[in-house]
Amino acid sequence: MSVRVRIAPSPTGDPHVGTAYIGLLNWCFARRHGGRFVLRLEDTDQERCQPKSAQAIIEALRWLGLAYDEGPDIGGPHGPYVQSERHRLGIYRRYAEQLLAQGDAYPCFCSTERLASVRAAQLAARQPVMYDRHCRELAPAEARARIAAGEPHVIRLKVPTSGEFSYRDRLRPKPFTKRWEEIDDQVLLKADGWPTYHLAAVVDDHLMGITHVIRAEEWLNSLPKHLLLNERLGFTPPEYIHVGLLRNADKSKISKRKNPTSLLWYRAQGYLPEALLNFLALLGHSHPEGREQFTIAELAEVFDIERVHVTGPVFDLKKLDHLQGLWFRQLPAERVRAEVHAAIDARFDALYPLLRERMTRGGDFLHWAEPFYSAALTVRREDLVPAGQDASAVRGLLEAMAGTCAALQAEERWTASDIEAAIRSLCEQRAAADPAQAPLCAPKLAFGILRQATLGRPHSPPLFPCLEVLGAVRTRERLAAAIQALR
RNA sequence: GCUCCCAUCGUCUAGAGGCCUAGGACAACGGAUUCUCAGUCCGUGAACCGGGGUUCGAAUCCCCGUGGGAGUACCA
C-alpha cells in the first residue's frame, strides 16, 4: 500500500511555524516513500476558526514550497478537504450514529456546570480529573425521550473500564501504555452537532486513506482514544508517530509570547523559505552525512523518520540567522535584487501615504523617510529638552512613555489610534497628578519631545501614524536611547 | 492533583556496548585578513542529570531518584 500522509492545521490564527515543522516531516516522508502528502483544514470549532486564516495557511505553505498533492484549493480524490464542508455532508454524524447503534457511544446530558463541579471535586480529592460517566448507564428509552424532548446533549465515546492499552511508537524504545480506566469518555459530537477533533480526525484519516500520522507529541495522550475509535468503527488504523514539540528557550511548548511563531513574520522579515526549512530540518533531526546546509529535496532523498528526535528542540533564532546568511549569500543576483526590492517596497508602501502630501519632488521622499530606514538615531540632549525645561523631568516623561509603549506592544495594540489614546491619557494623568509637570505634559511640548526621541527631528508627518510604521520594537529602542542620553 | 513522555557542550546535534582523551554546527571568546562592517580563515573554553546495577568493558542496556515537558475541554 502506498504511503499517504497529511497535515491537518486548524485555521485559528496566523500560519504557525509548528505547522511548517510537522509539514516538513510529513512532506519528506511522503517524498522519500513515493507517497502522497495531503492538506486538510480542521475547522470544526466554529468559535475559534477564522476564514482568513485558512487562506493564509495555504499561502504560507506555498511560499515555503511544501507542496501538497491534495488539498482544499487543489482538490483530489478524497475531498472535500475542509472539515466544515465534510460536516455539512453529514459524514461525522453518520459515524457517530454507527457507534451509538453499536453501543460504543452514548448521549450525555450533563451541564457545563455539573462537569465543572465534578472536576473541582476530583481535583480537591487528588483524584484523576475526568468525566464521571454519569450518563453512561442511562436507560436507552429515557435517553431517547430526553433527546426527543429537545434536551441539549453531546455524544460520548464508551471507553473500556478495565484492561490496558499499549502501542509501540517506532520512535520510542518502550511501548506507550495506559490503563483504560484512566481514559476519559471523550466527547465525539458537541451539543451543536459538530464533531470534536478526535472523531473528525479519525474518520477523515480513514476516509482519506492516510497510512501514517506523523504529529506532535501533544497528541500522545489521546492516542488510546484514536485507536479505540478506529477499532470500533472497523477501520484499519494508520501508524501513529509522535515527534517532539518545538520549545521556547525555557523548554515550554513554543508560544508567540516567547518566539515569533507566525510564518507571516518570517516572510515579512525577509527570511528565505530555503533557510527556514533548512533550519527546521536541523531541529530534531540530522543529515546522515552530517551536512548542515541542504534543500528539502536533498533531505527527502535521505530522510529517515527513525532519525527524528522525540526530545523537543529549543527554537533558536541564532542558528536560523546563520543559515539565512549562508543561503542569502549564495542567491543568484536576480533573486538578491528581488529580495532587496521587496524589503524596500514593504517599507515604502507603509510610508508613502504618510509622506505623500509633504513632497514637492520625488527626492523629498528620501528626506522624510530617512528616520524610518536608519537602524538607530544619534540623539542629542539639547534637542530633547525644550527651552526652559528640566532634563530630569523630560527623562521622567520619556520613561513613562516607554512604559506605555511596552504595555501596548504586549497587548498587541500597536496602532496609531491606540498609541495616541494611550499617550494622551498618560500626559493628562501626569499633568493632573503634578501641576508643576503640566506645561511639559501639554501635547505641544510632550509630543514634540516624543518626536525628537523617536524620529530624531523636530518635524515629521503626524506623529502617531509614524510610530505605528516605525514599529513597537524600534520605537522602544529609540526611547531607551533617548532616556540614556538624558542621564 | 492525576496520567504519560523525555534527558550528551548555553543551543541544535553525532553517538544504536569497546573506534569516545565524547565529534560537528550555532553562539561566546581570542587571533589573522580588511579603511570600517559583514564575510572568510585559524584557535580557545564548553556536555554524557545523580545513584545503583548488568557486563571483561556503558554516553549507549536495566532500576530508582531528580529535573524538564505534555495531556487532563462540548480547543485543536
Side-chain angles (χ1 to χ4, degrees), chain A residues 8-13 16 18-19 41-49 83 108-112 115-116 119-131 152-156 165 167 169 171-179 181-201 215-225 242-254 278-293 306-326 328-329:
Chain A
S10 185
T12 52
H16 200 275
T19 302
L41 262 15
E42 309 237 332
D43 59 345
T44 54
D45 185 340
Q46 292 301 286
E47 301 271 295
R48 301 203 317 148
C49 287
Q83 287 186 332
C108 166
F109 302 90
C110 292
S111 66
T112 324
L115 259 21
R119 235 171 260 140
Q122 289 168 332
L123 206 54
R126 309 179 125 229
Q127 295 289 309
V129 176
M130 58 191 287
Y131 178 56
H153 64 283
V154 301
I155 304 297
R156 285 183 184 273
F165 165 88
Y167 186 81
D169 180 319
L171 259 25
R172 292 154 204 269
K174 282 187 289 189
F176 168 80
T177 57
K178 208 160 173 159
R179 305 212 319 268
E181 64 180 76
E182 286 161 345
I183 298 165
D184 217 348
D185 279 0
Q186 181 60 236
V187 171
L188 263 19
L189 238 39
K190 310 175 204 177
D192 61 8
W194 285 73
T196 57
Y197 166 85
H198 305 279
L199 208 220
R215 52 164 34 164
E217 69 181 340
E218 54 186 333
W219 296 109
L220 194 53
N221 283 296
S222 35
L223 178 62
K225 295 167 189 169
H242 300 86
V243 306
L245 232 31
L246 262 25
R247 310 294 180 103
N248 296 312
D250 63 6
K251 302 284 175 80
S252 57
K253 171 170 152 181
I254 194 167
N278 193 163
F279 170 62
L280 256 15
L282 252 18
L283 296 176
H285 190 263
S286 62
H287 190 105
E289 293 162 23
R291 287 174 57 190
E292 292 266 335
Q293 190 186 191
E306 315 240 346
R307 284 184 74 87
V308 177
H309 266 238
V310 292
T311 312
V314 172
F315 194 83
D316 181 8
L317 266 331
K318 291 273 179 53
K319 186 88 171 208
L320 204 212
D321 285 334
H322 170 252
L323 258 2
Q324 166 71 15
L326 291 181
F328 193 79
R329 284 187 296 269

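The chains referred to below are lettered A, B, ... by the order of the sequence lines, with proteins before strands, and numbering in each begins at 1.
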On a whole-Å scale, what distance lies between the [atom1] atoms belonging to [N] and [M]?
N	M	atom1	answer
B:A38	B:A32	P	15 Å
B:A47	B:G15	C1'	13 Å
B:U55	B:C41	P	50 Å
B:G50	B:U11	P	15 Å
B:U54	B:G45	C1'	36 Å
B:G71	B:A14	C1'	32 Å
B:G24	B:U8	C1'	13 Å
B:G23	B:C48	P	13 Å

- Counting heavy atoms not belonging to A:R179, are there more than 12 under 6.0 Å from its CZ? no

Is any side-chain nitrogen or oxygen of [X] closer than 4.0 Å to OP1 or OP2 of [N]?
X	N	result
A:H309	B:A14	yes
A:S286	B:C12	no
A:R156	B:C74	yes
A:R172	B:A7	no
A:R119	B:C2	no

- Query: Any idea which of B:G1, B:C12, B:A76 is nearest the A:H198 side chain?
  - Reply: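 Of the options given, the side chain of A:H198 lies nearest B:A76.
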
- Which nucleotide sits closest to the side chain of A:V129: B:A76, B:G1, B:G39?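 For A:V129, the side-chain atoms sit closest to B:G1.
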
Rounded to the nearest angstrom, tell me the gap between atom [atom1] in [X] and atom [atom2] in [N].
X	N	atom1	atom2	result
A:Q127	B:U3	CD	P	10 Å
A:F176	B:C6	CZ	P	10 Å
A:L123	B:U3	CG	C1'	14 Å
A:L220	B:U72	CG	C1'	13 Å

- Message: Going by side chain to side chain donor-acceptor pair (under 3.5 Å), name the residues that satisfy it together with A:E47, two or more places apart in sequence or in a different chain.
- Response: none

- Residue list, ring pair (Phe, Tyr, Trp, His ring centres under 6.0 Å) with A:H322, at least two apart or on another chain: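 Not a single residue meets the ring pair (Phe, Tyr, Trp, His ring centres under 6.0 Å) criterion with A:H322.
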
- Message: If the condition is ring pair (Phe, Tyr, Trp, His ring centres under 6.0 Å), which residues does A:H16 pass it with, not counting sequence neighbours?
- Response: none

Could you grab the distance from atom [atom1] of [X] to atom [atom2] of [Y], nearest 0.5 Å is fine?
X	Y	atom1	atom2	result
A:Q293	A:H287	CD	NE2	12.0 Å
A:K225	A:H198	NZ	NE2	5.0 Å
A:L283	A:N278	CG	CG	10.0 Å

Going by salt bridge (Lys or Arg N to Asp or Glu O under 4.0 Å), name the residues that satisfy it together with [X], two or more places apart in sequence or in a different chain.
X	value
A:K319	A:E292
A:D45	A:R48
A:R119	none

Could you list the protein-to-nucleotides 62-71 of chain B atom pairs, N/O on both sides, closer than 3.5 Å?
unit_1, atom_1, unit_2, atom_2, d
B:G69, O4', A:R247, NH1, 3.3
B:G69, O2', A:R247, NH1, 3.3
B:G69, O2', A:R247, NH2, 3.2
B:A70, OP1, A:K253, N, 2.9
B:G71, OP1, A:K253, NZ, 2.9
B:G71, O4', A:N221, ND2, 3.4

- So which heavy atom on A:E217 is nearest to which on A:G244, and how close? OE2-CA, 4.0 Å

Shorter than 3.5 Å, N or O on both sides, protein versus nucleotides 45-54 of chain B: list them out with atom names.
none

- Which of residues 183-195 of chain A have a heavy atom under 4.0 Å from RNA chain B? A:V187, A:K190, A:A191

- Message: Return the pairing partner of B:C37 with a 3.5 Å limit on both distances, Watson-Crick or G-U wobble; otherwise return none.
- Response: none

Pick out the pairs of N or O atoms, protein on one side and nucleotides 16-19 of chain B on the other, that lie under 3.5 Å.
none

For residues 187-196 of chain A, run the donor-acceptor check on the side chains, cut-off 3.5 Å, and write out each pair with its distance to 0.1 Å, sequence neighbours left out.
unit_1, atom_1, unit_2, atom_2, d
A:K190, NZ, A:T44, O, 3.2
A:D192, OD1, A:W194, N, 2.9
A:T196, OG1, A:V187, O, 2.8
A:T196, OG1, A:L188, O, 3.4

- Query: NA contact type, A:R179, heavy-atom cut-off 4.0 Å: base, sugar-phosphate, or nothing?
  - Reply: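 Nothing: the residue A:R179, judged by heavy atoms under 4.0 Å, touches no strand.
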
Polar-atom pairs under 3.5 Å, protein N or O versus N or O of nucleotides 20-31 of chain B: list them with distances, or write none.
unit_1, atom_1, unit_2, atom_2, d
B:A25, O2', A:E292, OE1, 3.3
B:A25, O2', A:K319, NZ, 3.3
B:A25, N3, A:K319, NZ, 3.1
B:C26, OP1, A:H322, NE2, 3.4

